[in-house]
Amino acid sequence: MLKGAQRPHHRLVRGYADDLKLWRTPWSRFGLAVLVTVFLALPIVVQQDFWLSVLIYAGITAIGAIGLNLLTGYAGQISLGHAFFIAAGAYCAARVGGDLGLSMPWWLLAAAVAGGVLGGLIGPFTLRIRGFYLAVVTLGLVFIGEHVWRNYTGLTGGNSGTPVNAAAAVGPVDFSQLTIAGETYSRNQGYFWLVWALVAVVALLAKNLVRTRPGRALQAIRDHDQAAEVIGVRVGRHKIGVFVVSSAMAAVAGALFGSYQQFVSPDEWTLLLSVQYIVIIIVGGLGTIFGSVLGALFVGGLPALIDRYSTTIPGVRSGAGSDGIITAYTLNAILFGLLIVLFIVFEPRGIAAMWLRIKAYFTSWPFTY
Amino acid sequence: MTSDNTYEPLLEVRDVTLTFGGITALNGVSFGVDRGELFAVIGPNGAGKTSLFNCLNGVCRPQLGSILLGGAPLTGRSPAAVAERGVARTFQNLGLFEHLSVVDNLMLGRHRLMRTGFGAGMAWWGRAKREEIAHRAAVEDVIELLDLEPYRRTPAGLLPYGVAKRAELGRALAMEPALLLLDEPVAGMNMEETEDMARYLVEVRRETRVAMIVVEHDMDLVMDLADRVLVLDFGVVIACGTPEQVQSDPRVIEAYLGGAA
């Protein structure tokens, strides 16, 4: 009798429960282990505040980007109003976490609920309009928001902004000065763990959503809304639902942003912020969860890299009076624009598609397909 | 149809009239479809066949008349509400969700039979997971019935035309419908593909006993498969009966070949 006969092939699927697992193959489980190790070890290995701060901002952005990708990538609803919900979350953290002094779960929850309610109010507008018209309507949101943020000073502190004293603490665990086994970690290290753990949670929630009934319905609406209705999908209910979820995620990102930065002003929530999120999900990959995270890392990390190494890039001016034909800021803006053009022309499905191609190549190696 | 008072057809269409502005698409159309029956609707171009389907599944609201499914009215309900009552439909020019795999398309057919909402879906705990597994198993029965095994993970947009038509039939069957509306199931197919589809339709009938209404231009298919045939012309019923009766009806011949006068 063959010795190996008792052991099934490592990719054997023995039931639908196996088939529906997120981490099905040994390689994917290995990848997960690598990610967890990087998550745990990175703040200890890389202790520089600069890099940790870049990664924290990227993580916060990733949470918002996952929300926008659910709305735009999965449900096909283009929104330019993402900045509005992010702002709402930040001010919510300032008031609930700062003024009321409630602990982190509460101000995160409050931000999510506030974002969700606002999204639920905006959602019904999507029932009658779609595509570019929806983009224009949600664009209006940014400008209405701008007015509210600048004038409703009790909530927002007006033009001059407001401090956000929302502490990143749950009971005795304070992420701004973590102490584990006698070792104290810096604020940036603590926030890195906090933010990226939340990225994982939000990504998991989003992934679960898109692989179950409501998420499939969203994709059906994106691909063919009339056919979706004919098979019994309540289109309106699902469009509003995804607006609620997406805005809640945006608000959570905003709350974390405020809490980390400790100060926010209306100058942050411009149309450019919304556009940046759209760029992130396009560069990362529309209709993929991990693409949102990759996009946030890429779009967040690239300017930081250029900033950091502007002195060593030839022709880049590092400061006033130094030589060079271009400032780091201008170079960033140019590269940002160039990236959008290049991605839309050459890889409209984003970094996620590149990754999937690489994976497919190695899965089927030595065959080409 | 019978003198028995308790007799009630599955679907009853009474005096349905649908107008678009000055154009009358359907004019006082009445007929009934029995349980398990394969009912064909034919007629020249512009006769109102697709309009009739649109009324049946709630896409259009007829100005007059009523449509009853198992005694309950369908008229005035939204397409989603009609689908929830068990009316499935395929589209003339494919209504698949092209970025989703065949399995996901079929799972969407199960949508009306599932309950998971946003919260439960995101949590993937307990019922959401059990429901996914149970309905995935049900979808597999349809995949087997229609021989879609090689295409489970293929995005619907990449399927060959004939297979895509079959996948769409599969999605409708996954709904476990009481009534299946097929809008030109063999349109654009060659003889071999048409025969394949006919074989699948026969098999589906035998397996599920579902009542079907088929709109089709392929007369051989209609006359071979249908129990009864309804002939529409300019929105008016000109004949309804068995294929033999309809074929010999002078009004039908006139509508198709043009009047000699």
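In the text below, chain A, chain B and the rest are named by the order of the sequence lines, each starting its count at 1. Computed from a predicted structure; not experimentally measured.
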- prompt: Quick one: what part of B:Met114 sits under 4.5 Å from any heavy atom of chain A, side chain, backbone, both or neither?
  reply: both
statement: Closest heavy-atom pair, A:Phe125 versus A:Ile129, reported as atoms and distance to 0.1 Å, is O-CG1, 2.9 Å
query: For A:Val230, is it the side chain, the backbone, both or neither that has a heavy atom under 4.5 Å from a heavy atom of chain B?
result: both
field: Region of A:Arg211 that comes under 4.5 Å of a non-hydrogen atom in chain B
entry: both
message: Is B:Ser78 close to chain A through its backbone or its side chain, or both, or neither, when contacts mean heavy atoms under 4.5 Å?
response: side chain
- prompt: So what's closer than 4.5 Å to chain B heavy atoms on A:Ala206: side chain, backbone, both or neither?
  reply: neither
- request: Specify the closest pair of heavy atoms between A:Tyr277 and A:Thr61, including all atoms of both residues, with the distance to one decimal.
  value: CE2-O, 3.3 Å
statement: Closest non-hydrogen atoms of A:Gly59 and A:Val199, given as atom of the first, atom of the second and distance, are O-CG2, 3.3 Å
- prompt: Which answer fits B:Val87, side chain, backbone, both or neither, if we ask what part of it has an atom under 4.5 Å from a heavy atom of chain A?
  reply: backbone
- request: Under the salt bridge (charged side-chain N to carboxylate O under 4.0 Å, His left out) rule, what do A:Arg216 and B:Glu132 come out as? Steps first, then yes or no, please.
  value: CA-CA 11 Å; A:Arg216 265 194 307 268; B:Glu132 284 295 316; 3.0 Å; yes
query: Taking only heavy atoms into account, what residues of residues 136-151 of chain B are found under 4.5 Å from chain A?
result: B:Arg136, B:Ala137, B:Glu140
- request: Tell me, for B:Arg171 versus chain A, whether the close heavy atoms (under 4.5 Å) come from the side chain, the backbone, both or neither.
  value: side chain
- request: Identify which of A:Gly215, A:Ala228, A:Pro214 forms the greatest number of heavy-atom pairs closer than 4.5 Å to chain B.
  value: A:Pro214
- request: For each of B:His99, B:Lys129, B:Arg130, B:Glu168, tally heavy-atom pairs with chain A at distances under 4.5 Å, and name the one with the top tally.
  value: B:His99
- prompt: Between B:Glu84, B:Arg112, B:Glu98, which shows the greatest number of heavy-atom pairs under 4.5 Å with chain A?
  reply: B:Glu84
query: chain A heavy atoms under 4.5 Å from B:Asp104: which part of the residue, side chain, backbone, both or neither?
result: both
Salt bridge (charged side-chain N to carboxylate O under 4.0 Å, His left out) evaluation trace for A:Arg14 with A:Asp19: CA-CA 8 Å; A:Arg14 267 164 293 191; A:Asp19 205 33; over 6 Å; no
- prompt: In terms of heavy-atom pairs under 4.5 Å, which option from A:Val245, A:Leu209, A:Val244 contacts chain B the most?
  reply: A:Leu209
field: Smallest separation among heavy atoms of B:Leu180 and B:Ala172, with atom names
entry: CD1-CB, 3.4 Å
- prompt: Step by step, would you call B:Phe31 with B:Phe39 a ring-ring contact (aromatic ring centres under 6.0 Å, His included)?
  reply: CA-CA 10 Å; B:Phe31 64 92; B:Phe39 190 88; 5.0 Å; yes
message: Can a side-chain donor-acceptor contact be found between B:Arg89 and B:Asn54 if the only test is distance below 3.5 angstrom?
response: yes
field: Steps toward ring-ring contact (aromatic ring centres under 6.0 Å, His included) verdict (B:His135, B:His111)
entry: CA-CA 9 Å; B:His135 287 271; B:His111 185 89; over 10 Å; no
query: How about B:Glu131 and B:Thr116: does a side-chain donor come under 3.5 Å of a side-chain acceptor?
result: yes
message: Please classify the contact of A:Leu218 with chain B as side chain, backbone, both or neither, using a heavy-atom distance under 4.5 Å.
response: side chain
task: Start with the C-alpha gap between A:Arg349 and A:Glu347, add the side-chain angles, then the distance that decides, and say whether salt bridge (charged side-chain N to carboxylate O under 4.0 Å, His left out) holds.
output: CA-CA 5 Å; A:Arg349 292 179 55 223; A:Glu347 191 63 276; over 6 Å; no
- prompt: So which of B:Gly95, B:Ala156, B:Gly58 has the largest heavy-atom pair count under 4.5 angstrom toward chain A?
  reply: B:Gly95
- prompt: Relative to chain A, which of B:Ala81, B:Ala88, B:Ala123, B:Gly109 shows the most heavy atom pairs under 4.5 Å?
  reply: B:Ala81
- prompt: For A:Gln77 and A:Thr72, which heavy atoms make the closest approach, and how far apart are they?
  reply: O-OG1, 3.1 Å
field: Pi-cation contact, B:Phe118 with A:Arg237 (under 6.0 Å, within 45°)
entry: no
query: So which part of B:Leu94 gets closer than 4.5 Å to some heavy atom of chain A, the side chain, the backbone, both or neither?
result: backbone
Over all atoms of both residues, closest heavy-atom pair of A:Asn69 and A:Ser292: ND2-OG, 2.9 Å
